[in-house]
Amino acid sequence: YLLGETAEVSNLFTCCGFNSIGIASSGGAGRVTAEWMINGYMNEDLYSLDIKRFQKFHSSKKFIMNRVTETLGDLYGMHWPYKQYKTSRNQKLLPYHEELKNVGACFGQSGEYERPMWYAINGVKPEYNYSFNYQNWYPSVEYECKNAIKNVGLFELSPFSKYEIKGEKVFEELQRLCTANIKDEIGKCTYTQMLNESAGIETDLTVICIDKNHFRLISSAAVRTHDKAHILKHLSNEVEFKDVTDELICLGLFGPKSRNLLAKITNEDLSNEKFRFGTSKNVKLGTINIWAQRLSYVGELGYELYVDSHHGSDLYNLILNSGKDFGITHCGAHAMDIMRMESGFLHWGQDISPEENQYEAGLNFAISFKKDVNFLGKDVLLEMKDKKPNKRLVMLALKNSKPGEPLLLHDKIIGETTSGNYSFNFNKNLSFGYIKSDLGNEELFKKNLYIEVEKKKYLAEILLKPLKQSNFKNI
């Protein structure tokens, strides 16, 4: 259903669209709506109900008429993991959609875009066979993950939300909205969060200085409306804001051979000394001008390559043809999710939300109290600084088999999982989760921890550091 403040009209709140479950939901929905109206933000993880989970294309009458015939029936249907809608698809196609389809892409809807989730191999149909257990796409994603750490993988990142902010006061504004100390130097990238007044995490994003008084903000695909609304709510009218998501194509090139591949098609010096991690610049690949960022959400040497959408097909074909000598493989969203977990990277909407703060999520490295700015949420963070968090994020691996939900210490529930997937590179079932325990991670490592799935307990162990310890930032 629909809860929360609308993106278009300030202080207009919704609490509607319950579709046969209104009586059952009324007590809780009424409480959180009242709290939302009083506070001006949600203080629980309610994004799955937030009206701002929808984008503009969702309001099309044609879209709604087709989609509602499916969603109504799904209300009491099986809610499979990774389930994809069948109706109202192909709203926005990438310039090279047919090429991706021809190499076996199984698409999912990411925001408005059709985005490859995995690529079929060995003659398998690129279709999901839904299950709560073994996934039919595991062999494909195993191949993608293993090739990305051995050679190089091509990831589709265009659906990521992209905003540009310009103006003489843009740096000052970003310093006020962001917790990290934003780098005001052309080409520098800053990973940061934006908070609400109670220090809950509202956005998780990267800020890039494109030019003097010109910054680009990158966040997840599914939170385009939510993040835009939060930024505009707190941004002054003295700067110019523009959503450029649909204007730019972004391809991710990650793996140990990514630098060698790009060196084949550019005269630019891409060595570690000349192109440091966390920096970006204009680069000419062949005859195409692109903006390259040396960042990586998968924990491998690599680059995010941005180009105007009308040059998207040219860039895609250039990289693919040049990559044949380097063992390039298409990699989907499932591979990226697994590899980010191997590296210990979090995802907003799963591992972090307005219900958590940076101390609980282990993101306090992205807080700068040194900058002389009273950024949003700072006062509450200062109160938390020397206190023990109510809960804390942990990384776990099952000692044997399958993934799950509640976290138990012996027979006592101490938390719950947020993300889970199978690491083919390390042959481990991975889980992230939050726990409430007086015991430190080193002490918990010696205890019997369990993750409960379908009323069955699976022995798990705390990971004291991410599985992947590659030196991708310094090579």
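Position 1 is the first residue of the sequence, and the numbers go up from there.
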Listed once per pair and sorted, the ring-ring contact (aromatic ring centres under 6.0 Å, His included) pairs that draw on residues 163-182, sequence neighbours left out: Tyr163-Phe241

Should the pair Tyr128 and Tyr130 be assigned to parallel (<30°), tilted (30 to 60°) or perpendicular (>60°) ring geometry? parallel

State plainly whether the residues Glu247 and Lys162 are in salt-bridge range, i.e. N to O under 4.0 Å. no

Are a donor atom and an acceptor atom from the side chains of Asn441 and Arg392 found within less than 3.5 Å of each other? yes

In plain terms, say whether Arg340 and Asp337 are close enough for a salt bridge, that is, a side-chain N and a carboxylate O under 4.0 Å apart. yes

Cation over ring face, Arg224 and Phe160, 6.0 Å, 45°: no

Name all residues meeting the side-chain hydrogen bond (donor to acceptor under 3.5 Å, both in side chains) criterion together with Arg31; count only those two or more places apart in sequence or in a different chain, and write none if there are none. Glu35, Glu44

Is it true that the NZ or CZ of Arg115 lies under 6.0 Å from the centre of Phe107's six-membered ring and within 45 degrees of the ring axis? no

Any side-chain donor paired with an acceptor under 3.5 Å for Gln350 and His347? yes

Testing Tyr119, Phe155, Tyr96 one by one against His330 for a ring-ring contact (aromatic ring centres under 6.0 Å, His included), which residue passes? Tyr119

In terms of heavy-atom contacts, Glu356 and Lys391 come closest through OE2-NZ, 2.9 Å

Taking ring-ring contact (aromatic ring centres under 6.0 Å, His included) as the cut-off, I'd like each qualifying pair that reaches into residues 183-222, sequence neighbours left out, listed once. none

Between Ser431 (side chain only) and Leu396 (backbone N and O only), is there a donor and an acceptor less than 3.5 Å apart? no

